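A short worksheet on the structure shown next.
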Amino acid sequence: MRLSDYPVVFTTDSNYFFSCNAKTIRIISVETGQVVRILSASTEEGGHADTVTCVMLNPKNSLQLYSASLDGTIKLWDFNDAILLKTFEVGTPITHMAMHEGAPSDVYLVVTKKSTKRFHKKQMRKSGGLVAKENSILVRYSLKSSRKRIIRLLSSRSCSGLVISSDGEYLVMTGRYKLHVIHIAAGDGIEQGAVSENDESRFRTYLTSNRIAALAFHPTEGCIATGDERGRITLWYCFGKNVDRPVTTSMHWHAHKVASLAFTSDGNYLLSGGEESVLVIWQVSTGHKQFLPRLGSEIKHITISPDDALYAMGHQDNSVNVIRAVDLKIKNSIQGLKLSHTDPINNPLLTGLVVEPRNGHVVLNGLPGTLQFYDPIKDQHIMELEVFPRNKVSRTYEKEIVAPRVMHVAFSNDKSGRWMVTVDGRDDKTTTPELYIKFWEYDDDSHTYVLNTRVDSPHKKEVTSCIFNPRQGNQSPMVVTTSLDGTFKVWELTHQGEARRGVEAERAWSCRSTGFYRDMVPRAAGFASDGSLLAVAYDQIITLWNPYLNTLQGVLTQPPENRPIRHLTFLKNSPFLIAATSDHLYSWNLLTCSVWWSYQLKVDRLVASQTNSNFMVTCSNRVQGAAPQHRIMVFKPTDPKPVRIDTVEKKPRAITFMPDATAAAKDIVEPILIMNHGFAFEILGGRSVEELKAEAEEAAEKARVAALAAETKKSLMSDIFGKTAAMDAAAAAQDKKEKKQQQDTVASRGMVSKKNMVRNPLFDAPSHVMAPVSSLFEAFMGQLLTQGKAAKDEAKARKKALKQQKLEEAQQQAGATGNTADTAIDIDMDDDAVEIVGVKEGEDDAIPSSLAKIFSARLSL
């Protein structure tokens, strides 16, 4: 989910906002942060075919929405019902859009058009002749059916902003170092298409010394605010007749580029933000500044709600923070996939997609030095873990700060996922490289992972793999790491000191043993499913070790020397070991220590299933004269024929199997989770996303009910102040269930018991709101006597009916045998022995002595 690529737009009631998300438009609730509706969900149903770049409410109808896209279309939506009303074809990619309520049928657009112009000789040598440039062209598009719908106004380079004044008189466009001001309400020249950018009476252009990055129009005055790449904000007073040299005012606080500007509706305050992750609120008349610091990531866009009560800020980490204007507190924070908005060169996806055993969430690289826990089914951010703590500081001049990287992450294989290990480091090529292995333990109270042990410089060179031993039981967990320094190390959890006075000894991780094989470099490692065997790949050789004794058990060699093994994995409950080089895939049978089958294949990634013996590879086939084909193939270890093949357009960034108990029970291929080239999640095979989402919601509902049931237990607070609303709801559901069970039991036994009587919740109220005991005594005792009398009458009626039934049966038997008198005597004797459980003779009239004493004492007081 891409949230912060483009500015968000609030609804008129400020309860929802629209966010451009690739080809779709998401309507998000301000209160809950949940997606309530999706527009342009499918191209087949009339949605956009390319990225949506801007949205805005219809000036004539606030329940309708205009959207513009790079596919060259403008679409009108009824967003309440998610219905497409109309489509307008422009024909060229649209990057900016603006319209005014005074002329709702005219839309001003910035479209891009590629041009081929020859540069000077030096650039021609670098580019090979022609270089394609993208020019920004400002046009006016008429939504009415007219002969001339598109009118070209001017051309510029790299448009950074397009706004209309509040009165609809002026249109302002910025491009690189130019500020274009157009008087659109003067005369009818634009309607006739007889204007050009050389018309000085309508078009004025002002040059700046620094490149313009942000633009905002004052809502009540003739003033424009621009922010440049040097951090300077300039107020331009350039409206009127013959304003060749406008009056300007400068305000400067930002150290780097001003990314966004926004005025409040009264024009008294100006909001600005940029790389410093600080929201600056300027009082325009005095220049006084107010700051909201430590927002976590660079600010890209700022939007103010129509009632000026909320500020929505889009950040570089793909998040939107909604801030209350009254106290500058965060009202809600909506987070998307953070990796999608980072530089893939400086922050690559090194960890891949790792499934957390505890909840089935996907763990991957987030911002530099962090891990993000993400739910791909709900498309929802779960948690962020800061592996490499650091202060958020901006750059010094133009020198980039080298950020830390998280290279590996792995979880213990038990269902609880109690332990996690990470490998992170930082190397700026100037100071000593930093490398750490960190062991984390899950904390049930804080619901996050807490650092248990940090090991500085565990290896002399880069760590190539990090895996957990999958053994089960009460044995201490074990981790193995391999490194380019030629060694692999076995790490184990140990107790530090002795337990004293019932306090458990502290636990920490330490290196138990170190192994190496000749002078080769280990690049991959894997554990057997029972944890009894460790395989380490040294170049083209696979070595088999006993991880507990650190002894070499065997050596497997097959590939040529110039093709080292890059991927190595054991399969679940199988004697097969899968190895992959740059151009071959091997399946080893460890029972025979031989290659069971091999496949000539260029393997990019290799992933094994955690529930069965299937494994998956991604590969790319390049055909001369055609686009490369990217395939995802699923194999069984005993057969070189794939059981499933999927083809994708672009090379996926990462893949993994999604845990699915249904697929594991039926021995079918699990759903495949892909992060595509555009940093979006896709699910292939298995059950549909709707089914998986419904199952996840059902599990969450069960957990919520269980939590409410736990809260209904009586406590001192509930005795004093009464039950909460949640406790009442859970108690009502539980009482209803117990009552039904008791009725079924009574119906099956035909008995009445005091325990089955409905309990009156009279005394469940707080003590300070209850009526006096003197007023409750008669009602309470009357209810007890009424229940006892009713129970006795019901028991007598049941006894009489039972006696009559037996008498009739005896008369029928006597008529057949002729012995009526003896049978009647036997029946009377049997009836005297019948015992009615529940109410004894005379018990309804007697009051328990203990209860009488209590009430007499209360009455005397």
Side-chain angles (χ1 to χ4, degrees), residues 354 357 407-423 437-441 452-453 455 458-461 463-496 507-518 520-539 541-557 565-579 588-591 593 606 608 610 613 615 637:
V354 182
M407 280 93 65
H408 302 279
V409 59
F411 292 90
S412 56
N413 291 44
D414 53 341
K415 292 184 179 180
S416 62
R418 191 72 185 174
W419 292 95
M420 179 182 71
V421 59
T422 59
V423 179
I437 290 182
K438 297 175 182 178
F439 299 91
W440 309 76
E441 185 178 10
N452 176 271
T453 305
V455 181
H459 289 275
K460 297 179 181 179
K461 294 184 179 180
V463 175
T464 56
S465 67
C466 179
I467 55 172
F468 258 98
N469 189 328
R471 62 185 178 183
Q472 302 291 338
N474 297 326
Q475 296 179 332
S476 299
M478 178 186 294
V479 172
V480 170
T481 58
T482 61
S483 173
L484 294 178
D485 60 4
T487 64
F488 69 89
K489 292 187 177 183
V490 180
W491 308 84
E492 198 169 37
L493 182 64
T494 58
H495 290 271
Q496 306 292 326
R507 298 181 299 172
W509 289 77
S510 60
C511 180
R512 199 193 69 176
S513 59
T514 302
F516 60 91
Y517 183 78
R518 300 179 181 175
M520 296 182 176
V521 177
R523 300 185 182 275
F527 271 107
S529 58
D530 60 354
S532 61
L533 192 64
L534 170 65
V536 182
Y538 281 89
D539 292 339
I541 297 175
I542 301 176
T543 58
L544 303 177
W545 302 78
N546 185 330
Y548 307 104
L549 303 177
N550 204 25
T551 56
L552 183 64
Q553 302 295 314
V555 176
L556 306 176
T557 177
I565 296 174
R566 296 182 176 181
H567 309 281
L568 185 70
T569 182
F570 278 93
L571 302 181
K572 183 77 172 182
N573 300 326
S574 173
F576 287 89
L577 175 65
I578 308 300
W588 286 86
N589 188 342
L590 296 186
L591 298 179
C593 293
L606 171 64
Q610 297 298 320
S613 59
F615 68 95

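Quick note: residue numbers are just sequence positions, from 1. These numbers come from a predicted model, not from an experiment.
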Measuring from [X]:[atom1] to [Y]:[atom2], what's the distance to the nearest 0.5 Å?
X      : Y      : atom1 : atom2 : answer
Leu544 : Leu533 : CG    : CG    : 5.0 Å
Met478 : Leu493 : CE    : CG    : 11.0 Å
Lys461 : Thr487 : NZ    : OG1   : 10.5 Å
Cys593 : Leu556 : SG    : CG    : 5.5 Å
Phe576 : Leu591 : CZ    : CG    : 7.5 Å
Thr514 : His459 : OG1   : NE2   : 7.5 Å

List for me each residue that meets salt bridge (charged side-chain N to carboxylate O under 4.0 Å, His left out) alongside Arg523, sequence neighbours excluded, and say none if there are none.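 Counting only residues at least two positions away or on another chain, Arg523 forms a salt bridge (charged side-chain N to carboxylate O under 4.0 Å, His left out) with Asp539.
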Above 12 or not: heavy atoms from other molecules or residues under 6.0 Å from [atom1] of [X]?
X      : atom1 : answer
Gln610 : CD    : no
Arg418 : CZ    : yes
Tyr548 : OH    : yes

For Thr481 and Trp491, test the side chains for any donor-to-acceptor distance below 3.5 angstrom and give the result as yes or no. yes
Does any donor atom in the side chain of Thr551 or Trp545 lie under 3.5 Å from an acceptor atom in the other side chain?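 Looking only at side-chain atoms, Trp545 and Thr551 do not form any donor-acceptor pair under 3.5 Å.
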So do [Y] and [X] actually touch side chain to side chain, heavy atoms under 4.5 Å?
X      : Y      : result
Ile542 : Thr557 : no
Pro575 : Asn589 : yes
Val480 : Lys489 : no
Met420 : Lys438 : no
Ile565 : Tyr538 : no

Side chain of [X], backbone of [Y]: donor and acceptor closer than 3.5 Å?
X      : Y      : value
Asn546 : Ser532 : no
Asp485 : Lys460 : yes
Thr569 : Ala579 : no
Thr543 : Val536 : yes
His408 : Val463 : yes

On a heavy-atom basis, which atom in [X] and which in [Y] lie closest, and how many Å separate them?
X      : Y      : result
Pro470 : Ser529 : CG-O, 3.7 Å
Leu571 : Ala608 : CD2-CB, 3.9 Å
Ser513 : Asn550 : CB-ND2, 3.6 Å
Val521 : Ser483 : CG1-O, 4.1 Å
Gly486 : Pro522 : CA-CD, 3.5 Å
Phe527 : Phe468 : CD1-O, 3.5 Å

Sequence-distant partners of Ser465, side-chain hydrogen bond (donor to acceptor under 3.5 Å, both in side chains), two or more places apart: Thr482
List the steps, then state whether side chain to side chain contact (heavy atoms under 4.5 Å, CB included) holds for Phe488 with Leu534. CA-CA 11 Å; Phe488 69 89; Leu534 170 65; 4.0 Å; yes
Between Glu492 and Arg471, does any NZ, NE, NH1 or NH2 come within less than 4.0 Å of an OD or OE carboxylate oxygen? yes
Using the rule given for side chain to side chain contact (heavy atoms under 4.5 Å, CB included), can you reason through Val409 versus Phe411, listing the C-alpha separation, both sets of side-chain angles and the distance that settles it, and then say yes or no? CA-CA 7 Å; Val409 59; Phe411 292 90; 4.3 Å; yes
Return the orientation label for the Trp419 and Trp509 ring planes: parallel under 30°, perpendicular over 60°, tilted otherwise. perpendicular
The test is side chain to side chain contact (heavy atoms under 4.5 Å, CB included); show your working for Val421 and Trp440 and say whether it passes. CA-CA 6 Å; Val421 59; Trp440 309 76; 6.0 Å; no
Stepwise, does the side chain to side chain contact (heavy atoms under 4.5 Å, CB included) test hold for Thr422 with Ile437? CA-CA 6 Å; Thr422 59; Ile437 290 182; over 6 Å; no
